[in-house]
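These numbers come from the heavy atoms of this one structure, side chains and all, not from hydrogens, waters or symmetry mates.
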Amino acid sequence: MVKQVRQERAIRTRNALIESAAALFARHGYEVVSLSTISARAGVSNGALHFHFPSKAALAEAVGVAAAQRFGRIIAGEVLPAQRGGVPERGGLPERGGLPRHEGAPVYGVSSRYEGVPERGALPRRLEAPRRWDVPRRDEAASKQSAASRQNSALQTLIDTSHALLRGLSHDAVLRAGFALGDGAGVVGRGEDLYRRWQEWVAESLARAEREGLLARGLAVRDAVTAVVGATIGFAVLGGQDGQWLSRTTLTRFWTLLLPRLATPTALEGLMASGRLPETPR
């Protein structure tokens, strides 16, 4: 019993040190953060820190491993605890309004559709009961089945995952630090490059969308990858200074702009630019 209590305490201490280091690495950078600052923020002694991590590089490696695990859960479609609502962790960048779907966000071919380019500062023009000139007439049951299939498509999964990633970056210091450490892997000497891993995952998703016949005719997959990766990574970098870049609204506007150029008219039907809400365990 005593041994179990000590093991649980050791796990809590180790996790507190990883969280503390991640928050400081993400905010100030790896080079300038000292081990004493990390231990003080975690509320543990320097001796306890060195018991778990012999060096700052070892601690950074642990942060990188934890971040890679969390990133893997995001691209696997799992919901991280910080994404289930509630209060974000200290130092996080909460999104105003939380998780509910952005009002007015397009659900192509289901409830509304946006057309044209709005004037600067104006909202996109909303057309109720859109004309389905691009989809053959079919009975209601078949239409619902087809819409459900499209909402489970590679494109919708890509949209959902991009929202989950930015949501994670806004709430989770470990994930933010993992991206920062991976980007500076040459300095730290450790850590996975999560930017490249995201690029590879996006490329795989768009290649699958092409195989599913969802991409617009004449569209080069590499151009789509460039657009999606460039925008999402740009939002992630800018979000370090201004949390609005990581907001659901910002990413929804990006997908609203891109999807009509990215997807076929048929594939566009039923796609949710604001992403589907994550399913939380009951």
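Follow the hydrophobic side-chain contacts under 4.5 Å out from Phe53 and you never reach Ile11; the two are in separate clusters. The same ILVMFWY cluster, assembled from side-chain heavy atoms under 4.5 Å apart, contains both Trp201 and Phe254. Under the 4.5 Å side-chain contact rule for hydrophobic residues, Val65 and Leu24 do not share a cluster. Follow the hydrophobic side-chain contacts under 4.5 Å out from Leu169 and you reach Ile233 in the same cluster.
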Might you work through the side chain to side chain contact (heavy atoms under 4.5 Å, CB included) test for Leu17 and Phe51, ending with a clear yes or no?
-> CA-CA 11 Å; Leu17 288 167; Phe51 174 80; over 6 Å; no

May I have the step-by-step check of side chain to side chain contact (heavy atoms under 4.5 Å, CB included) for Glu61 and Leu181, ending in yes or no?
-> CA-CA 9 Å; Glu61 181 179 17; Leu181 291 171; over 6 Å; no

Full working for side chain to side chain contact (heavy atoms under 4.5 Å, CB included) between Leu246 and His171 = CA-CA 10 Å; Leu246 299 175; His171 287 76; over 6 Å; no

Given Thr249 and Thr252, is the side-chain hydrogen bond (donor to acceptor under 3.5 Å, both in side chains) satisfied, shown in steps?
-> CA-CA 5 Å; Thr249 300; Thr252 297; over 6 Å; no

What do the steps show when you test Ser20 against Thr37 for side chain to side chain contact (heavy atoms under 4.5 Å, CB included), and what is the final call?
-> CA-CA 9 Å; Ser20 175; Thr37 304; over 6 Å; no

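Atom CH2 of Trp245 and atom OG1 of Thr232 lie 13.0 Å apart (nearest 0.5 Å). A distance of 8.0 Å separates CG in Leu175 from CZ in Phe71, rounded to the nearest 0.5 Å. Expressed to the nearest 0.5 Å, how far CG of Leu49 lies from OG of Ser55 amounts to 9.5 Å. Taken to the nearest 0.5 Å, the CG atom of Leu262 stands 11.0 Å off from the CG atom of Leu257. Rounding to the nearest 0.5 angstrom, the gap separating the NE2 atom in His163 from the CE atom in Met272 is 9.0 Å. Interatomic distance, Leu158 CG to Leu214 CG, rounded to the nearest 0.5 Å: 11.0 Å.
For the pair Thr157 and Thr161, the minimum side-chain heavy-atom distance is below 4.5 Å. Inter-residue side-chain proximity for Ile74 and Arg167 is flagged as unmet; no heavy-atom pair is nearer than 4.5 Å.
The closest donor-acceptor contact from the side chain of Asp193 to the backbone of Arg196 lies under 3.5 Å. Under the 3.5 Å distance criterion, the side-chain polar atoms of Arg248 are matched with a main-chain donor or acceptor of Ser274.
Heavy-atom minimum distance, Ala48 versus His52: O-CD2, 3.2 Å. The two residues Ala58 and Pro54 come nearest to each other via the heavy atoms CB-CD, 3.9 Å. Minimum interatomic distance between Leu259 and Ile159 (heavy atoms only, all atoms of both residues): CD1-CD1, 3.8 Å. Of all heavy-atom pairs between Ile18 and Ala62, the closest is CD1-CB, 4.0 Å. Residues Lys56 and Glu31 share a closest heavy-atom pair of NZ-O, 3.3 Å. When every heavy atom of Ala22 is checked against every heavy atom of Val174, the shortest pair comes out as CB-CA, 3.6 Å.
Residues forming a side chain to side chain contact (heavy atoms under 4.5 Å, CB included) with Ala26 (at least two apart in sequence, or on another chain): Arg176, Ala177. Listed by chain and residue number, Ala42 satisfy the side chain to side chain contact (heavy atoms under 4.5 Å, CB included) test with Ala16 (two or more places apart in sequence, or in another chain). For the side chain to side chain contact (heavy atoms under 4.5 Å, CB included) test, residues two or more places apart in sequence or in another chain that qualify with Thr264 are Thr266, Ala267. Under the side-chain hydrogen bond (donor to acceptor under 3.5 Å, both in side chains) criterion, Gln4 pairs with Glu8, not counting sequence neighbours. For Arg197, the salt bridge (Lys or Arg N to Asp or Glu O under 4.0 Å) criterion is met by Glu192, not counting sequence neighbours. For Arg217, the side chain to side chain contact (heavy atoms under 4.5 Å, CB included) test picks out no residue, with sequence neighbours left out. In terms of the side-chain hydrogen bond (donor to acceptor under 3.5 Å, both in side chains) criterion, residue partners of Asn46 (sequence neighbours excluded) are, by chain and number, Ser39. For Ser162, the side-chain hydrogen bond (donor to acceptor under 3.5 Å, both in side chains) partners are Trp255, not counting sequence neighbours. Taking the side-chain hydrogen bond (donor to acceptor under 3.5 Å, both in side chains) definition, one finds that Thr250 meets it with Ser247, sequence neighbours left out.
The ring pair (Phe, Tyr, Trp, His ring centres under 6.0 Å) contacts involving residues 2-28 comprise Phe25-Tyr30, where partners must be two or more places apart or lie in separate chains. The side-chain hydrogen bond (donor to acceptor under 3.5 Å, both in side chains) contacts involving residues 203-216 comprise Arg208-Glu212, where partners must be two or more places apart or lie in separate chains.
Donor-acceptor pairing under 3.5 Å is recorded for the side chains of Asp160 and Gln156.
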Distance-only donor-acceptor pairs under 3.5 Å for side chains of residues 221-230, two or more places apart:
from	atom 1	to	atom 2	distance (Å)
Thr226	OG1	Arg222	O	2.9

